[in-house]
There are 2 protein chains.
Amino acid sequence: MKLTELKAIKLAELFSALSDASRIRLIALLIDGEMSVRALADGVGMTESAVSHQLRGLRQMHLVRARKSGRQVFYSIDDDHVARLFTLGLDHVQHG
Amino acid sequence: MKLTELKAIKLAELFSALSDASRIRLIALLIDGEMSVRALADGVGMTESAVSHQLRGLRQMHLVRARKSGRQVFYSIDDDHVARLFTLGLDHVQHG
DNA sequence: TGAATATATGAACAAGTATTCATATGTTAC
DNA sequence: GTAACATATGAATACTTGTTCATATATTCA
């Protein structure tokens with residue numbers, strides 16, 4: 001299959017967004033439903049700042065979506081592709 | 001969803017293997033069938049050395065498989081999961 | 001208004017990574 | 001055997017990336 005350089009880069013960027021254990025754990029938590037930054041930080045045992053930085057990247061790649069409510073921001077999985085990539089990858093890791 | 005740290009790391013490593021445009025282009029070529037290192041290098045416009053280094057990583061993650069024939073080594077996609085991850089990701093990039 | 005809370009951001013440093021270059025291994029042909 | 005070829009590998013360098021720390025923005029409550 002021939003791929004334009006631009007598409008190769010876009011695809012690599014998508015997988016890059018999933019290429020860190022912290023981000024994977026954040027996404028794993030979000031699979032069950034939306035969560036606040038604080039709850040995510042507690043869930044993965046990271047500072048809110050580090051989580052916020054990571055969420056920014058995930059947001060820019062359209063992997064997660066933010067919903068503001070009062071002073072909290074709730075994050076959720078943006079798109080069904082994301083959950084499918086996640087579970088397909090998990091499948092490969094488990095039965096690999 | 002709760003994920004052990006080990007599984008999170010494994011999953012991140014899997015996606016890391018797909019997180020580079022050069023490797024994506026290599027895999028895109030291999031989607032159509034096996035190819036030698038030289039053909040891959042020509043196909044993506046990289047040196048054989050650089051390609052060989054990348055293939056090593058892909059091999060270790062069980063994303064590609066090597067078959068030696070004479071002095072050439074032919075690479076192919078190792079597992080159906082890989083092709084599915086690839087096309088699912090491409091789908092997300094195109095209709096994202 | 002001011003204090004407290006929730007999140008975001010910029011800069012800086014440490015750790016990881018892709019490519020290059022030189023060299024090594026293994027294979028075929030002579 | 002030697003020469004030529006195909007691939008692999010180690011070290012070095014340049015580049016990228018994740019986290020921390022300090023600070024900023026925004027919202028609620030008193």
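Every chain is numbered from 1, with letters handed out A, B, ... down the list of sequences.
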Heavy atoms only, 4.0 Å cut-off, all strands: where does [X] land among base, sugar-phosphate and nothing?
X: A/Glu48; answer: base
X: B/Phe74; answer: nothing
X: B/Ser49; answer: base

Ignoring backbone atoms, establish whether [X] has a side-chain N or O less than 4.0 Å from OP1 or OP2 of [N].
X: B/Ser52; N: D/dT7; answer: no
X: A/Tyr75; N: C/dA6; answer: no
X: B/Gln72; N: D/dC5; answer: no
X: A/Arg23; N: D/dG18; answer: yes
X: B/Thr47; N: C/dC21; answer: no
X: B/Arg56; N: D/dT9; answer: yes

**Asked** Under a 4.5 Å cut-off applied to non-hydrogen side-chain atoms, are A/Arg67 and A/Ser76 in contact?
**Response** no

**Beyond-backbone contact of B/Leu3 with A/Leu90, side-chain heavy atoms, under 4.5 angstrom** = yes

**Request:** Could you check B/Val37 against A/Ser19 and say which one's nearest nucleotide on DNA chain D is further toward the 5' end?
**Result:** B/Val37

**Prompt:** Among the nucleotides D/dT27, D/dT19, C/dT19, which one has an atom lying closest to any side-chain atom of A/Arg71?
**Reply:** D/dT27

**Fill in**
Looking only at D/dT19, D/dA8, C/dT7, the nucleotide nearest the A/Ser36 side chain is C/dT7

Let me know the distance between [atom1] of [X] and [atom2] of [N], rounded to the nearest Å.
X: B/Leu55; N: D/dA8; atom1: CG; atom2: P; value: 7 Å
X: A/Leu18; N: D/dT17; atom1: CG; atom2: C1'; value: 16 Å
X: A/Arg38; N: C/dA8; atom1: CZ; atom2: C1'; value: 15 Å
X: B/Arg25; N: C/dA18; atom1: CZ; atom2: P; value: 14 Å
X: B/Asp20; N: D/dT17; atom1: CG; atom2: C1'; value: 14 Å
X: B/Ile9; N: D/dG18; atom1: CD1; atom2: C1'; value: 14 Å
X: B/Gln54; N: D/dG10; atom1: CD; atom2: P; value: 16 Å
X: B/Met46; N: C/dT19; atom1: CE; atom2: P; value: 4 Å

**Asked** Any idea how A/Phe15 and B/Phe15 line up, ring-wise: parallel (<30°), tilted (30 to 60°), or perpendicular (>60°)?
**Response** parallel

**Asked** Would you find a donor on one side and an acceptor on the other, under 3.5 Å apart, between the side chain of A/Arg23 and the backbone of A/Ala17?
**Response** yes

**Request:** Could you check A/Glu13, A/Lys10, A/Arg56 and say which one makes a side-chain contact (heavy atoms from CB on, under 4.5 Å) with A/Met61?
**Result:** A/Glu13

**Request:** Flag as yes if B/His53 stacks onto the base of C/dT19 (centroids under 5.5 Å, planes under 30°), otherwise no.
**Result:** no

**Item:** Electrostatic pair B/Arg25-A/Glu5, nearest N-O below 4.0 angstrom
**Value:** yes

